[in-house]
Amino acid sequence: MIRKCMFPVGGYGTRFLPATKALPKEMLPVVNKPLVQYGVEESIEAGLNYIGFVTGRGKRAIADHFDISYELEHQINGSTKEQYLESIRHVMETGVFSYTRQKEMKGLGHAILAGETLIGNEPFGVVLADDLCVNEPGEDNVLAQMVKIYRQFRCSIVAVMEVPTDEIHKYGVISGELMKDGLYRVSDMVEKPDAKDAPSNLAVIGRYILTPDIFEILRHTPPGKNDEIQLTDALKQQCQDGVVLAYRFKGTRFDCGSVQGFVEATNYCFENIYQQGDNS
Ligand code: UTP
């Protein structure tokens with residue numbers, strides 16, 4: 001029912017300079033796997049096999065990563081090193097990849113509108129790969145949890161988490177009415193508010209399910225905070241016209257767009273995934 005997932009990967013990743021001067025930040029490895037692959041694996045596991053990247057200049061390594069490397073395949077075919085390609089081979093076999101470019105970086109809303117051509121007129125997921133999400137053992141991953149909610153409510157859904165007051169200015173923040181455990185009907189959204197203006201401590205993270213009317217709204221959304229076209233502003237419009245839900249997901253999210261979050265994710269993945277024997 002939801003088949004497609006959009007990955008806006010156009011951002012410059014300035015917080016990781018100089019590492020990101022020639023390398024997309026989405027290709028930085030968390031232990032032995034590029035950040036973006038974690039997000040793509042989450043999407044495919046949630047049943048969203050059609051992966052659409054909205055890229056920018058200097059991001060070609062992402063397309064190469066999800067394509068066959070004939071030379072490498074030839075070199076290690078039949079050797080013990082083949083095990084290291086297991087996870088990416090699985091992703092390449094199950095995923096269908098398409099790409100478009102955002103010509104100018106005018107914000108997340110602008111990136112999503114640029115990705116319309118990859119989605120068409122159907123509901124879709126959005127993953128911001130900088131947010132690495134891990135689920136509790138035996139639980140669905142975050143996107144899969146959201147797909148289940150979509151099946152019931154058929155509207156846009158944003159993933160939220162509680163954040164401390166001194167960090168609220170980094171996020172889109174919702175206010176809403178609690179419908180049932182962990183699920184809110186959104187009444188307002190503000191992008192990166194000052195702590196004193198924040199309507200709650202529930203911050204939006206990089207997982208969304210969007211209904212396709214968002215594209216028409218984005219076409220008419222003027223630049224907002226930081227002079228960028230903000231997805232938050234379009235979602236606010238969508239919740240005024242209809243229903244948008246916020247879901248307090250089960251699991252842990254690492255902010256890999258920041259150096260500290262990236263190091264925390266690396267330590268977590270090393271201890272809980274790599275050392276447990278899953279080294280592909
Ligand atoms: P960020 O706010 O983290 O920006 O974007 P950034 O440029 O990637 O990183 P810094 O702040 O310079 O270090 C959040 C997400 O939105 C995407 C980014 O790729 C990232 O996944 N994005 C943002 C776009 O695709 N296009 C844009 O114009 C802006």
Side-chain angles (χ1 to χ4, degrees), residues 5-28 30 34-40 42-43 51-63 65-66 97-119 124-133 142-143 158-161 163 167-173 189-193 203-208 210 214-215 218-219 221-235 253-265:
C5 192
M6 194 194 290
F7 283 70
V9 292
Y12 293 121
T14 49
R15 283 170 286 173
F16 277 89
L17 284 169
T20 47
K21 188 166 172 245
L23 180 76
K25 78 168 167 189
E26 296 78 10
M27 289 303 294
L28 294 174
V30 174
L35 190 47
V36 66
Q37 192 181 325
Y38 289 88
V40 170
E42 181 182 331
S43 175
I51 308 290
F53 288 101
V54 181
T55 70
R57 283 177 293 282
K59 299 271 180 173
R60 241 177 263 166
I62 297 175
H65 184 70
F66 294 104
F97 299 91
S98 51
Y99 301 84
T100 191
R101 274 199 187 192
Q102 185 188 8
K103 293 186 197 80
E104 291 172 283
M105 302 311 134
K106 290 186 180 169
L108 181 57
H110 184 258
I112 287 183
L113 187 55
E116 181 180 13
T117 180
L118 305 174
I119 301 293
F124 61 104
V126 175
V127 167
L128 304 186
D130 335 21
D131 279 344
L132 194 159
C133 292
V142 176
L143 207 54
V158 299
V160 292
M161 62 184 266
V163 300
E167 289 187 20
I168 205 87
H169 65 277
K170 300 179 190 165
Y171 296 90
V173 182
M189 287 182 94
V190 193
E191 184 63 22
K192 299 188 174 72
V204 179
I205 65 135
R207 298 289 182 280
Y208 308 81
L210 300 176
I214 199 76
F215 296 125
L218 280 167
R219 252 187 283 285
T221 302
K225 189 97 185 178
N226 300 335
D227 212 23
E228 293 182 334
I229 296 176
Q230 297 289 353
L231 177 61
T232 303
D233 295 339
L235 282 165
R253 165 263 190 185
F254 296 96
D255 174 14
C256 291
S258 75
V259 172
Q260 184 176 334
F262 191 90
V263 172
E264 284 165 8

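Atoms within each ligand, like the ligands themselves, are counted from 1 in listed order.
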- Item | Contact bool for atom 13 (O) of ligand 1 (protein heavy atom, d < 4.0 Å) | yes

- Message: Within the 4.0 Å heavy-atom shell around Lys25, which atoms of ligand 1 are there?
- Response: 3 (O), 6 (P), 8 (O), 9 (O)

- Item | Close N or O approach (Leu108, ligand 1; < 3.5 Å) |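 No, Leu108 has no N/O under 3.5 Å of an N/O on ligand 1.
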
- Please state whether Val54 comes within less than 4.0 angstrom of ligand 1, counting heavy atoms only. no

- Does the side chain of Arg101 come within less than 4.5 Å of Arg57's, by heavy atoms?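 Answer yes - side chains close enough.
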
- Message: Holding to side chain to side chain donor-acceptor pair (under 3.5 Å), I want the full list of residues that pass it with Ser43, two or more places apart in sequence or in another chain.
- Response: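 Here no residue qualifies.
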
- Numbered atoms of ligand 1 (with element) below 4.0 Å of Thr14, judged on heavy atoms: 10 (P), 12 (O), 13 (O)

- Which of these, Gly107, Gly10, Gly109, has its nearest heavy atom closest to atom 27 (C) of ligand 1? Gly107

- Heteroatom proximity flag, Ala129 to ligand 1, N/O under 3.5 Å: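 The answer is no, given that Ala129 and ligand 1 share no N or O pair closer than 3.5 Å.
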
- Task: May I ask whether Gln102 places a heavy atom under 4.0 Å from ligand 1?
- Result: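 So Gln102 counts as touching ligand 1.
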
- Nearest heavy atoms of Leu218 and Gln230, plus distance in Å: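 Smallest interatomic distance, heavy atoms only, reads CD2-O, 4.4 Å.
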
- For ligand 1, does Val9 get within less than 4.0 Å through its side chain, its backbone, both, or neither, judged by non-hydrogen atoms?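 For Val9, only backbone atoms sit under 4.0 Å from ligand 1.
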
- Query: Relative to each other, are the rings of Tyr99 and Phe53 parallel, tilted or perpendicular (30° and 60° limits)?
  - Reply: parallel

- Task: Output the list of atoms in ligand 1 that are nearer than 4.0 Å to some heavy atom of Glu26, sorted by atom number.
- Result: 19 (O)

- Item | For Gly11, the ligand 1 atoms whose distance to one of its heavy atoms is below 4.0 Å | 6 (P), 7 (O), 8 (O), 18 (C), 19 (O), 22 (N), 24 (C), 25 (O)

- Determine whether any heavy atom of Glu228 lies closer than 4.0 Å to an atom of ligand 1. no

- Query: Is the number of heavy atoms from other residues, nucleotides or ligands within 6.0 Å of CZ (Arg219) greater than 12?
  - Reply: yes

- With backbone taken as N, CA, C and O and side chain as the heavy atoms from C-beta onward, which portion of Ala111 lies under 4.0 Å from ligand 1: side chain, backbone, both, or neither? side chain

- Check if Glu104 has a non-hydrogen atom at a distance under 4.0 Å from any atom of ligand 1.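 Heavy atoms of Glu104 never come under 4.0 Å of ligand 1.
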
- Item | ligand 1 atoms in contact with Arg15 (distance to a heavy atom under 4.0 Å) |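 Listed by number with element: 3 (O), 9 (O), 10 (P), 11 (O), 13 (O).
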
- Task: Before signing off on this row, confirm whether Pro8 and ligand 1 have an N or O atom pair separated by under 3.5 Å.
- Result: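 Between Pro8 and ligand 1, an N or O pair is found under 3.5 Å apart.
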
- Query: Less than 6.0 Å separating the ring centroids of Phe7 and Phe97?
  - Reply: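 No - the distance between ring centres of Phe7 and Phe97 does not fall below the 6.0 Å cut-off.
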
